[in-house]
Amino acid sequence: EDQVTQSPEALRLQEGESSSLNCSYTVSGLRGLFWYRQDPGKGPEFLFTLYSAGEEKEKERLKATLTKKESFLHITAPKPEDSATYLCAVQAGSWGKLQFGAGTQVVVTP
Amino acid sequence: DAGVIQSPRHEVTEMGQEVTLRCKPISGHDYLFWYRQTMMRGLELLIYFNNNVPIDDSGMPEDRFSAKMPNASFSTLKIQPSEPRDSAVYFCASSIQGDKLFFGSGTQLSVL
């Protein structure tokens, strides 16, 4: 059975304190790994898609990397506006069908 | 572009009542998804459509749940009869060719 596990469940950072979030997965035939950001009361917002091991993508203070078994979301010098829940999802088998992890809640304090 | 539009934003109903949630996907998107989010189970895929045709409804919890997509611009998720355990946030999302999903703001459903 496909599984997606995110760690830690919650992360509290000081502004400027860099850290990494982990997403480990066990799926058959990975088509893509997705990172989303979700703010309270809103739907998830797309950040990145990674398709193959070794791939990296960056957007502002965020950088996502992918290996054969896990993905990392690195947050460099975070700001309070980076506070959100970060969700990882995998797409395997059928195009379109995403399985989400439970998410990591990140709080960045000034 | 207005994005994915869901209505209502909030719905409070009593157990046994019928609930209908509505979704307008982004124009030109050929996939539409219905997800449910709870604290206990996170985001769960209920059903998804490709070109208005249901592809996978294995996530629909019971026969009380049904979804339709009569055209490319509109979809509904219906719960009849509703139960307290159906309380959750229901999200609709759309995409092009099953790639990155764009989510609506969700419908917060409370069944009393």
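What you see is a predicted model; the values in this text were computed from it and never measured. Atoms considered below: every heavy atom in the structure, side chains included; atoms not considered: hydrogens, waters and symmetry mates.
Under a hydrophobic clustering in which Ile, Leu, Val, Met, Phe, Trp and Tyr are joined whenever their side-chain heavy atoms come within less than 4.5 Å, directly or via other members, Phe65(B) and Leu21(B) fall into the same cluster. Follow the hydrophobic side-chain contacts under 4.5 Å out from Val19(B) and you never reach Val89(B); the two are in separate clusters. Cluster annotation: Val4(A) is not connected to Phe72(A) through the hydrophobic network of ILVMFWY side chains, with a link wherever side-chain heavy atoms come within less than 4.5 Å. Linking Ile, Leu, Val, Met, Phe, Trp and Tyr residues whenever their side-chain heavy atoms come within less than 4.5 Å leaves Ile55(B) and Ile47(B) in two separate clusters.
For a residue to count as touching a neighbouring chain, one of its non-hydrogen atoms must lie under 4.5 Å from one of that chain's; by this rule Phe48(A) does not touch chain B. Interface residue Gln38(A): only side-chain heavy atoms are found under 4.5 Å from chain B. Heavy-atom distances place both the backbone and the side chain of Leu98(A) under 4.5 Å from chain B. Heavy atoms closer than 4.5 Å to chain A are found nowhere in Arg41(B), neither backbone nor side chain. For Phe102(B), no part lies near chain A; criterion is any non-hydrogen pair under 4.5 Å.
In this structure, CD in Glu45(A) is found 11.0 Å from NZ in Lys100(B), a value given to the nearest 0.5 Å. Of the inter-residue distances, the one linking Asp99(B) atom CG with Arg31(A) atom CZ reads 11.5 Å to the nearest 0.5 angstrom. Note that CD of Gln37(B) is 9.0 Å distant from CZ of Phe100(A), once rounded to the nearest 0.5 Å.
Atom CD of Gln3(A) has 12 or fewer neighbouring heavy atoms from other residues, nucleotides or ligands inside a 6.0 Å radius. Annotation: Glu14(B), atom CD; neighbour count of heavy atoms from other residues, nucleotides and ligands within 6.0 Å does not exceed 12. By the neighbour-count criterion of 12 heavy atoms within 6.0 Å, atom CD of Glu81(A) is densely surrounded, having more than that number from other residues, nucleotides or ligands. By the 6.0 Å contact criterion, NZ on Lys57(A) is enclosed, its count of non-hydrogen atoms from other residues, nucleotides or ligands being greater than 12.
The choice from Pro44(A), Ala102(A), Gly103(A) that makes the most heavy-atom pairs within less than 4.5 Å of chain B is Pro44(A).
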| Would Gln99(A) and Leu45(B) count as a side chain to side chain contact (heavy atoms under 4.5 Å, CB included) if you check the C-alpha gap in whole Å, the side-chain angles of each, and the deciding distance to 0.1 Å? | CA-CA 7 Å; Gln99(A) 181 172 343; Leu45(B) 177 64; over 6 Å; no
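Closest non-hydrogen pair, Lys97(A) versus Ser58(B), comes out as NZ-OG, 3.8 Å.
Evaluated for a ring-ring contact (aromatic ring centres under 6.0 Å, His included) with Phe103(B), the options Phe34(A), Phe46(A), Tyr36(A) yield exactly one hit, Tyr36(A).
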